[in-house]
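Letters go in sequence order (proteins before strands), and every chain restarts at 1.
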Amino acid sequence: MFAVQHLIETLIRDALASAVVSGELTLAEMPVVTAERPREVAHGDWATNVAMRAAKAAGMPPRQIAAIIAGRISGHPDIAAVEIAGPGFINIRLSDAALQRVVAEARTQGAAFGRTETGAGRTLQVEFVSANPVGPMHVGHGRWAALGDSLARILEHVGFRVEREFYINDQGVQMDIFAESVAARYLELTGREVTFPAEGYRGAYITDIAREIRAEEGERWADTPAEERESYFKERAYAQVLEHLKHVLSGMGVTFDVWFSERTLHAPGPDGGPSEIERAIARLREAGYIFEHEGATWFRSTDFGDDKDRVLTKADGSYTYFAADVAYHWNKLEERRFDIVIDIWGADHHGYVKRMEAACAALGHEGQLHVIIGQLVNLFRNGEVVRMSKRTGEMVTFEDLLDEVGPDAARYFFLRRSTDQALDFDIALAKEQSSDNPVYYVQYAHARICSILRKAAGMPEAEDVRMLVSALVPADADLALLGADAELALFRRLGEFAEVVEIAAAQYAPHKLTRYAEELAAAFHQFYTVCRVVDPDAPELTAARLAVVDATRIVLELVLGLLGVHAPQRM
RNA sequence: GCGCCCUUAGCUCAGUGGAUAGAGCGUCCGGCUACGAACCGGGAGGCCGCAGGUUCGAAUCCUGCAGGGCGCACCA
């Protein structure tokens, strides 16, 4: 809850209560009181529909109720006007003084501006990307990387203690196939006759890895038993791919706190005891959700709304992927005790959501897992669909895309659409229109601000304007001088920041922030066009407007920071 | 067949119970002898996929239908 919103809701509640006491109003029950932002600026800064909600309980037309409330809330110094409109809306316009306040608040709070206590120190884990370590990431992974990292930043800003995690599927048949593929390429390079594995990975990177092994270690693996060779190649190629993943991700500014290996779930406990998987299944068994059928061990996920029950241990005694995932979530929730766990998966895994939620609920953690399903990225090049398959080899990788469009544009573009909207990404278009890309519009506003501040300080060569502002702009600048429409409009935008972050956090929706960033940049550009900032003939107005410029700089830097996009001081 | 997501301006998309449905791009018209024109102002452009229902009020919630995407393994 934010100060102004809280104030208005309180005023309305008090007005209703006093009207009842005085007998002007009779209420069978108290209506829900909410103040909201009207879509139209012409409708004021805040509006409430409480009169319409109360109509039935009061037995009185909404506009009449609105008149009673309006008469009781006008007069507060922060409220400039109260109007009744349409079917019974009460529109409230804030005073200039109430709007101007945000400038000083942003400057005083700096990077802490817009922080809230919503998370209240609760621990939260975001697990994302989690690409199989058997090849390069596709463009969809880039989208999850941008999404997960930005979400983590946003949730930190509203008070959660956040950890970023990458789950490595380093166990299972795909790893075997991966090793066989590298081995086959290696043997080819040494001139041996080999049949490439039918399901093998055919990408050129496999050959690159094989060539590197041959260059460093010669042909000494050519005549060893296949098992020995593949076992060695698996570990070596795996480590190499993992390093590659880290490298590409950090190229977009994404780093993880924990890289969690699936193998640790299969491994025996510290004292040779049961593995995490065995312990997790034992827990489900105790809780009564396990049964045996046709030689397999099943989890009765239908008890929690899943379509069918799921196998954990196959008839041949091996575990399903799901069994490891159950253990993994047991580890997150039971051993590491995260209050909230967020998994970001591609849309091609949505059929998996129910059973995972069922497992968490069966383990006693219902409602703590939130799965975000991101729709996929359709990659185009010159209008032609680029097929994304690891096996065909021909693909544009996430790394290729980063190289072509750069980390800021890639990130911003990935985040600009809501997660449940499929994303069409045409590489040629993104490059061609780079100067029209909205990320530049926002960054330009920031660079422009920094230029003004350098100019005002008489230090056009200054490296970092943040070092200049405290000396340049007095803390007690007279904000009451700022009443132009463009100024008040800018203050309104600045004042929305905390609310937007809160909504983005609550809905797991970073795209709310890209939109806000563009609106804030637009409000600044409009201000700049009509309000001369540096004016030697008006030193007090100059000081006040420099405060506005600095406050805008702070918020732009913050919002770009939450998106993981740079806020350049020059471009 | 079943499940999830999507369908809003020429294009790409915001908008999950409120008022005259918005933005960017594109298009047309206009604005630099002043702090960054990578900018700003204005115009044209909409049966919100279709049909019912709930509500004082529906792009938004419910039901059905159509179209598109993705899934439906003792694979990972």
Side-chain angles (χ1 to χ4, degrees), chain A residues 36 38-40 42-43 47-49 52-53 55-56 61-62 85-89 91 132 134 169 171-175 177 199 262 293-298 306-325 346-354 373-376 378 413 416-426 429 433-445 447-456 460 486 507 509 511-512 514-516 518-519 521-522 524-536 542 545-546 549 570-571:
Chain A
E36 57 187 42
R39 210 187 312 226
E40 290 271 333
H43 295 145
T48 179
N49 60 1
M52 287 173 285
R53 283 173 178 267
K56 206 169 273 180
F89 289 100
N91 293 333
N132 292 332
V134 297
N169 299 128
Q171 171 116 10
V173 297
Q174 81 207 335
M175 288 294 287
I177 295 169
E199 297 295 309
E262 180 187 349
H293 178 66
E294 294 181 347
T297 302
W298 296 69
D306 196 6
D307 298 341
K308 51 184 103 167
D309 295 324
R310 306 292 173 177
V311 171
L312 295 171
T313 310
K314 297 182 240 176
D316 69 3
S318 63
Y319 295 117
T320 59
Y321 176 86
F322 178 55
D325 234 357
D348 53 342
H349 288 86
H350 73 258
Y352 204 77
V353 177
K354 276 262 175 62
I373 292 301
Q375 295 299 310
L376 300 173
N378 302 311
F413 205 98
R416 203 158 174 253
R417 283 156 179 73
S418 71
T419 51
D420 46 27
Q421 192 76 241
L423 174 64
D424 287 347
F425 200 132
D426 191 313
L429 201 67
Q433 298 192 335
S434 63
S435 65
D436 292 330
N437 192 315
V439 68
Y440 293 104
Y441 179 78
V442 178
Q443 288 181 320
Y444 178 70
R448 201 179 209 187
I449 283 171
C450 293
S451 174
I452 297 168
L453 293 171
R454 284 191 300 265
K455 174 110 181 173
Q507 300 182 1
H511 78 275
K512 305 269 182 189
T514 61
R515 177 159 289 269
Y516 174 77
E518 289 162 44
E519 288 168 346
F524 177 77
H525 288 310
Q526 287 154 15
F527 158 81
Y528 174 88
T529 303
V530 297
C531 294
R532 173 81 197 177
V533 177
V534 181
D535 182 355
T542 296
R545 284 187 171 159
L546 283 172
V549 169
R570 300 174 199 273
M571 20 190 327

Name all residues meeting the salt bridge (charged side-chain N to carboxylate O under 4.0 Å, His left out) criterion together with [X]; count only those two or more places apart in sequence or in a different chain, and write none if there are none.
{"X": "A/Glu262", "result": "none"}
{"X": "A/Glu519", "result": "A/Arg493"}
{"X": "A/Asp309", "result": "none"}
{"X": "A/Arg515", "result": "none"}

Atom pairs, N/O to N/O, protein against nucleotides 29-34 of chain B, distance under 3.5 Å?
residue : atom : partner  : partner atom : Å
B/A34   : O2'  : A/Arg532 : NH1          : 2.8

Could you list the residues that satisfy ring-ring contact (aromatic ring centres under 6.0 Å, His included) with [X], not counting sequence neighbours?
{"X": "A/Phe89", "result": "none"}
{"X": "A/Tyr444", "result": "A/His525"}
{"X": "A/Phe425", "result": "A/Phe413, A/Phe414"}

Would you tabulate the pairs of protein nitrogen or oxygen atoms and nucleotide nitrogen or oxygen atoms of nucleotides 2-4 of chain B closer than 3.5 angstrom?
residue : atom : partner  : partner atom : Å
B/G3    : N2   : A/His350 : NE2          : 2.1

With sequence neighbours left out, the residues meeting side chain to side chain donor-acceptor pair (under 3.5 Å) with A/Asp420 are A/Ser418
With sequence neighbours left out, the residues meeting side chain to side chain contact (heavy atoms under 4.5 Å, CB included) with A/Ser318 are A/Lys314, A/Asp316
Counting primed atoms, P, OP1 and OP2 as sugar-phosphate and everything else as base, the B/S/- map of nucleotides 7-15 of chain B against protein heavy atoms under 4.0 Å is -----SSSS
